[in-house]
J.: 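Questions regarding the structure given below will be posed in turn.
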Amino acid sequence: MATAAILNGERVVVVLFIGLVLFSLPLSLLLHGVALSLLALSALFIEIRAEDDASSSSSLSLFKTRPGASSGIFLGAVTLPVVMLSKLIQLSRALSLRQVPLEELEYLTMQYWATSASSLSVLVFLCMVIWCSPDRTCSPYSRSVMDAKLSLSGIVLFAVVCCVSIAATSHTGFHAVLKLLWVLLHGLAAVKLIQHVLSTFPSCASIGEALLVTAGIVLYFGDMLACTIAKVTGYLNSLELVSAQYGVKRSEISIIIQGLLLGLLLFPMVFKFVLRIWECSSSSANSESRTYEIGKSLIFFASLGFILIVVVPSWMQFAQDFSVHPLLWVISFVFSEPLKRLSLCMYWVCVIYVSVLRFYNISKNSKIERILLRKYYHLMAVSMFLPALIFQPKFLDLAFGAALAVFLVVEIIRVWRIWPLGQLVHQFMNAFTDHRDSDLLIVSHFSLLLGCALPIWMSSGFNDRPLAPFAGILSLGIGDTMASMVGHKYGVLRWSKTGKKTIEGTAAGITSMLAACSILLPLLASTGYIFTQHWLSLLLAVTVCGLLEAYTAQLDNAFIPLVFYSLLCL
């Protein structure tokens, strides 16, 4: 019974996922695979101790995680490192064929170690929280103490493997120290950020979900900082944080998206600082008065305009050397193929208007379950993104960035209740929430958009797996949707006594994804793509995603596309 409790469904699927990636490793990435194994073992033991030990659960309860969700530490800690390792496997194939430069592989290797360090540092932090719990009254030979010792042993061994690998690929000791310091800074930033996320947004995410978001944001900010440092100093080759050749290859679209999103993520801190200055300088500022709300709104939109029109474009021009203002570059890019791209924009607007209006009225007047109603938005995502990805992939990259920026601005307006839109947006968005959302933060639309966008963004550059960019659209728009609909209507056999997921739903999700792949591949072949993936590996990838959707209690929109993308890259 104890073994069954330890090897629950989600953990078994994650172990299978990691095993498939490790099985595909070339010898050149052996140390990276060893490091991933140690990281996974440490995360597994910490999750087991956190969920199975009463004192550990009480010590982690101070974070106020999302109700009804497991801790998700194991899945959250390994997902991004596995994604990076899968990309390394893909680039190592390209390097053997001399299709990518060595610098690009070295750059991605640093990204892998930085991501792994972020997960490892958070694991160390969680281990310390559990170990220092005042309720801990365990004997030296209890299972929880043994789990802690095994976790710490894995963490120490991971640090040793990381140091050896970085030292072996560095030209001098000074370069190795710089790289290790850079990796360590990612870890420290991740620990600080996850504490801020869990305390600022209580009951909005599990620990695993917060870890995934934290590691991703730290990696994105770290990449932006490295690019900026490289531009300021001019010593790209000596720093070896961002390779010169890879830095030159950064596209204008990636720089625009990066600057826009990170600027909006930093904007709430700027707005809060300016608002405090205004409140201190204005003695008549009363938070209940209409005058205060209007003044707050003016400060908000003025600060937002300054960030988006002045600060963010200034960084973009500094990082990429745009010949014109980035906004003008975007306009010229859209009108470089006006018929195709403007027609696509009109099609998107029509689909969004009809769908939102229709589903909003249904949600207000119908007794259909909210989680099932929202699956129609997954189908809407397929109808919007699939044609664009086949025929206008670069424009879709930019559109995803713009849509995510709009989502961020709207959510900031809703959270801060910015007059006159804040309350209206809050009432409108509440019509589409479910048990995974809270009044404080609504994340489902973010996870759906990012779940579709991330595989596409990560497939830029070299990609010898034509299905990889479609990972989010296939897994969320088709697989997850069919699993929910069939399981809700025809499901009888449940995967567990306490869960709602059914075997019939999972089988429908897996079958629909395979059917979609069989239809999609001839379309891709007609546009020039060459299918280089074996059907058995595709079947394994689809099956693992289906089982993860059935067993996980985490936000599946966030994890399943990344898992599917990683397996498609192998």
J.: Report yes if the side chains of F559 and T552 come closer than 4.5 Å at any heavy-atom pair, otherwise no.
T.: no

J.: If you compare all heavy atoms of F400 against all heavy atoms of A453, which two are closest, and at what distance to 0.1 Å?
T.: CG-CB, 3.6 Å

J.: Is K179 close to W113 at the side-chain level, that is, under 4.5 Å between some pair of heavy atoms?
T.: no

J.: With a 4.5 Å limit on heavy-atom distance, are the side chains of L198 and K64 in contact?
T.: no

J.: Let me see the working for N557 and H378 under side chain to side chain contact (heavy atoms under 4.5 Å, CB included), right down to the final yes or no.
T.: CA-CA 10 Å; N557 289 1; H378 290 219; 3.6 Å; yes

J.: Heavy-atom distance under 4.5 Å between the side chains of L219 and M84, does that happen here?
T.: yes

J.: May I ask you to check whether H186 and W182 place their ring centres under 6.0 Å from each other?
T.: yes

J.: Minimum heavy-atom separation for L396 and A388, please, with both atom names.
T.: CD1-CB, 4.0 Å

J.: Set out, in order, the CA-CA distance, both residues' side-chain angles and the distance that settles side chain to side chain contact (heavy atoms under 4.5 Å, CB included) for M384 and I352, then state yes or no.
T.: CA-CA 9 Å; M384 290 177 60; I352 292 172; 3.7 Å; yes

J.: How about F273: does its CZ atom have over 12 heavy atoms from other parts shown lying under 6.0 Å from it?
T.: no

J.: With a 4.5 Å limit on heavy-atom distance, are the side chains of T228 and W315 in contact?
T.: yes

J.: Out of curiosity, Q111 CD to T109 OG1, how far, rounded to the nearest 0.5 Å?
T.: 10.0 Å

J.: Distance only, no hydrogens: is a donor on one side chain within 3.5 Å (strictly under) of an acceptor on the other, for E103 and Y107?
T.: no

J.: Have S254 and S251 got a donor and an acceptor in their side chains that come within less than 3.5 Å?
T.: yes

J.: Is any side-chain heavy atom of K87 closer than 4.5 Å to a side-chain heavy atom of S566?
T.: no

J.: For the residue pair L389 and P469, establish whether any side-chain heavy-atom pair is separated by less than 4.5 Å.
T.: yes

J.: Picking from F306, W416, W278, what satisfies ring-ring contact (aromatic ring centres under 6.0 Å, His included) with F271?
T.: W416

J.: How close do T214 and A190 get, counting heavy atoms only, and between which atoms?
T.: CG2-O, 3.2 Å

J.: Could you state the interatomic distance from CD1 (I309) to CG (L327), rounded to the nearest 0.5 Å?
T.: 8.0 Å

J.: Using 0.5 Å steps for rounding, measure from the CD1 atom of I418 to the NZ atom of K296.
T.: 4.5 Å

J.: Ring centroids only, cut at 6.0 angstrom: are F395 and W348 within range, meaning strictly under it?
T.: yes

J.: Nearest 0.5 Å please: distance from the CD atom of E10 over to the CD atom of Q554.
T.: 5.5 Å

J.: Quick check on the 6.0 Å ring-centre criterion: do F300 and F267 meet it?
T.: yes

J.: Please report the C-alpha distance between M380 and S355 in whole Å, then the side-chain angles of each, then the deciding distance to 0.1 Å, and finally whether the side chain to side chain contact (heavy atoms under 4.5 Å, CB included) criterion is met.
T.: CA-CA 8 Å; M380 184 185 77; S355 301; 3.2 Å; yes

J.: Mind checking whether M458 and L562 have side chains closer than 4.5 Å, heavy atoms only?
T.: yes

